[in-house]
Each structure stands twice: as C-alpha cells, then as structure tokens.
Amino acid sequence: MLIEQVSDVLREVAAEVVMPRFRKLGETEVRVKSPGEEVTIADEEAERLLNVRLPALLPGSRVIGEEAVSARPELLEGLGEGTVFVVDPVDGTANFVKGSPCFSMMVALLREGEPVASWMLSPATGALHVAERGSGAWIDGERVRVGQPPHWAGLRGGVLTRFLPAETTARVQANGRDLAAILPGMHCAGEEYPAIVRGEQHFVVFWRGLPWDHAPGTLFLEEAGGRAARFDGRPYRPAEQGFGILAAQTPELWDELQRRLFAEA
C-alpha cells in the first residue's frame, strides 16, 4: 500500500510544481547554492510539499531532504535513527535548468539507516522505478531483473570525474581503455541506476555518496539483481560517510570491474 501511496504523491508533486517549471524557469527562479551547484524554485517547492505529504502516509516518520540539509547540515546526524524518508526533490537540477529531460525525483525509506523501499520518478517521461527490500524492483509496475552483461570489450559505463580524485580518474581510464565506451555520466543518479538495469550501460563509477543521490538507486539496482558497493567492497550505507561507489549490472561484473579498473599499473 505504501509503495502505491508514495508513488501517487511523487506524481502529484511532479504535476503541481515540477513540470509546470520545466523549460519555463524565470531568471529569478534559479540560484547558485554552492560553487557549481544550482537550485531552482521547483526543487524548493517540491521538497516543501514532500515534507508535508510523506510523513502523513507513515506516522512517526520524518523527511530529510537535500535542500534542507544544504541549509542545515546537522540534519544528517540523525539519518541512521528511526524511520526516515530521504528526498531529492529534483535530481539532475543542472539538466532541468538546461531543459534536458534527464532529471528525476527520488525518495528512499530508511529504517534505522537501512533502505527498505525506494522510488525514482522521471517526470519528463513518466517512468517510475520502485524497489522494496526483499521483494524486488519494478519499472512502471513491471518486475525487472538485470540481464547478462557482455564480455569486457563490450562493456559501456559511466565514470563521473567531476569529484573523482585525479589519480583514480587516470587509473580507471587507463585500465578501461579496452572497454567499448567510458561515458561521462548523465549527471542524474536517478537515471544512471535504471540505465544499468535496462542494460543501456553496464556500470557507473561515482565519487560522492550523498544519501539522497544513492539510497534510492542502490536499492533498486540490488533488488533487480545488480550490485553497488564502495570501491573496497564494503556495502553502501546511506548513514555512513564515505566516498566512492561502484555500481554494476551483476555481482560477478562488479568483482571483475573492481579488480581490473582499480588495479595499479
């Protein structure tokens, strides 16, 4: 029941405050919140509505959203306690500002710091990606499982280098020179993880592990049969600080990528 209720809330908020601003943002509706990071009125209004509507579905829960944490970083200190909806009101804000449809609205439900359900809505296309721990992953109501990836030379994957340390970037690019393609990334985690499940790409390398960016997608990928973990193999836990996430189409591919991409010359 909760899966459908949260899905409905996301669709409602997208229709009310996100899509009416898509490709229609005024100059005063976009601002820089930190160097290289933009926020729009759509981000702020969507998070405001989600702050009200999500806890109403689950008494005793609370919301920790990206924009709230931007203003009050101390909110993250309680992420591992109780029942929490982690919210990214518009993931891929830079794409949204440019008029690209590659953006997502993301929610993960955490219990004592562990993701138990997640939602990623692509408002421009209407595609809804949902996962529930132990039950599976769905796209638009249809159960999905990862396919079998190609051999090494046929692999395609994103390496997001903006925050990745230069040494790691150089190592990954050198070790991946025989791959079919190393992509620059979509700049929207809510589109990256589903693309792995759909087989459009086979892996992604991230550096920052912000909970609203990765709690929804890692659960979705894992429930579809893939794997996402820290570079050293430790599980990704949203409430634990750290850097580096490797996401792959299958656990076996994860092992191969970890061994080969990060190997020292």
Side-chain angles (χ1 to χ4, degrees), residues 1-11 13-14 85-88 90-92 95 100-111 114-151 154-158 160 180-181 183 185-206 209 211-229 235-238 245-258:
M1 188 67 173
L2 184 65
I3 292 291
E4 290 76 17
Q5 290 175 326
V6 174
S7 299
D8 289 344
V9 165
L10 279 173
R11 291 190 179 103
V13 173
F85 286 103
V86 177
V87 168
D88 191 339
V90 178
D91 179 52
N95 293 339
S100 165
C102 187
F103 63 94
S104 177
M105 298 175 66
M106 303 172 69
V107 175
L109 177 62
L110 275 55
R111 296 190 188 276
E114 292 296 323
V116 297
S118 71
W119 300 258
M120 296 179 289
L121 174 67
S122 303
T125 64
L128 178 65
H129 312 85
V130 173
E132 187 174 16
R133 184 168 296 282
S135 296
W138 296 264
I139 299 178
D140 294 334
E142 181 177 346
R143 181 77 177 266
V144 291
R145 295 286 296 178
V146 296
Q148 186 62 31
H151 294 297
L155 294 174
R156 296 166 50 85
L160 285 77
L183 309 170
M186 303 177 188
H187 306 289
C188 175
E191 296 290 342
E192 298 275 8
Y193 286 104
I196 295 176
V197 173
R198 293 192 300 265
E200 295 167 4
Q201 59 185 12
H202 307 105
F203 69 91
V204 180
V205 176
F206 301 99
W212 43 81
D213 285 339
H214 299 286
T218 54
L219 180 63
F220 178 78
L221 175 60
E222 289 166 358
E223 285 297 319
R227 185 185 181 195
Y236 170 74
R237 293 190 170 93
I245 299 173
L246 172 62
Q249 195 172 15
T250 65
E252 296 77 14
L253 177 59
W254 193 99
D255 290 340
E256 182 180 15
L257 288 164
Q258 195 269 351

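All residue numbers in this chain count up from 1 along the given sequence. All figures in this text were calculated on a predicted structure; none of them were measured in a lab.
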Novice: Without swapping roles, check the side chain of Glu132 against the backbone of Ser118 for a donor-acceptor pair under 3.5 Å.
Specialist: no
Novice: Counting only N and O atoms by type, is there a donor-acceptor contact under 3.5 Å from the side chain of Asp91 to the main-chain atoms of Ala189?
Specialist: yes
Novice: Could you tell me whether the side chain of Glu191 reaches within less than 4.5 Å of the side chain of Met120, counting heavy atoms only?
Specialist: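 No, their side chains stay 4.5 Å or more apart.
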Novice: Heavy-atom count around Arg156 CZ within 6.0 Å, excluding the residue itself: above 12?
Specialist: no
Novice: Any pair with a residue in residues 136-149 that passes side-chain hydrogen bond (donor to acceptor under 3.5 Å, both in side chains), sequence neighbours left out, goes on the list, sorted by first then second residue, please.
Specialist: none
Novice: Quickly, which of Phe206, Phe220, Tyr236, Phe203 forms a ring-ring contact (aromatic ring centres under 6.0 Å, His included) with Tyr193? Name it, please.
Specialist: Phe206
Novice: Please give me the minimum heavy-atom distance between Glu223 and Gly136, naming the atom from each residue.
Specialist: OE1-N, 3.0 Å
Novice: Evaluate the side-chain proximity of Leu155 to Leu253: yes if any heavy-atom separation is below 4.5 Å, no if none is.
Specialist: yes
Novice: Using modelled atom types and a 3.5 Å cut-off, is there a donor and acceptor pairing between side-chain atoms of Asp88 and backbone atoms of Ser104?
Specialist: no
Novice: Please give me the minimum heavy-atom distance between Trp212 and Val87, naming the atom from each residue.
Specialist: CB-O, 3.6 Å
Novice: So do His129 and Ser122 actually touch side chain to side chain, heavy atoms under 4.5 Å?
Specialist: yes
Novice: What's the shortest heavy-atom distance between Thr218 and Ala215, and which atoms?
Specialist: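 What the structure gives for the nearest pair is OG1-O, 3.4 Å.
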Novice: Looking at CD of Glu192 and CG of Leu221, how far apart are the two atoms once the value is rounded to the nearest 0.5 Å?
Specialist: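 If I round to the nearest 0.5 Å, the distance is 11.5 Å.
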Novice: Taking the side chain from Arg133 and the backbone from Pro115, do they hold a donor-acceptor pair closer than 3.5 Å?
Specialist: yes
Novice: Mark yes or no for whether Trp254, through its side chain, and Ala228, through its backbone, hold a donor-acceptor pair below 3.5 Å.
Specialist: no
Novice: Please report the shortest heavy-atom distance between Ile196 and His202, naming the atom on each side.
Specialist: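 Shortest heavy-atom separation between Ile196 and His202 comes out as CG2-O, 4.1 Å.
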Novice: Kindly determine whether Leu109 and Leu2 satisfy side-chain contact (heavy atoms from CB on, under 4.5 Å), including the steps that lead there.
Specialist: CA-CA 10 Å; Leu109 177 62; Leu2 184 65; 3.8 Å; yes
Novice: Does any non-hydrogen side-chain atom of Ser7 lie less than 4.5 Å from one of Val130?
Specialist: yes
Novice: Would you check if the side chain of Ser100 reaches a backbone N or O of Cys102 as a donor-acceptor pair within less than 3.5 Å?
Specialist: yes
Novice: Looking at every non-hydrogen atom in both residues, tell me the closest pair between Val146 and Gly226 and how far apart they are.
Specialist: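 So the two residues come closest at CG1-N, 4.0 Å.
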Novice: Decide side-chain contact (heavy atoms from CB on, under 4.5 Å) for Arg227 and Asp255; before the verdict, give the C-alpha distance in whole Å, the side-chain angles of both, and the deciding distance to 0.1 Å.
Specialist: CA-CA 9 Å; Arg227 185 185 181 195; Asp255 290 340; 3.3 Å; yes
Novice: For Met186 versus Ala195, what's the shortest heavy-atom pair and its separation?
Specialist: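 Smallest heavy-atom distance, with atoms named: CE-CB, 3.6 Å.
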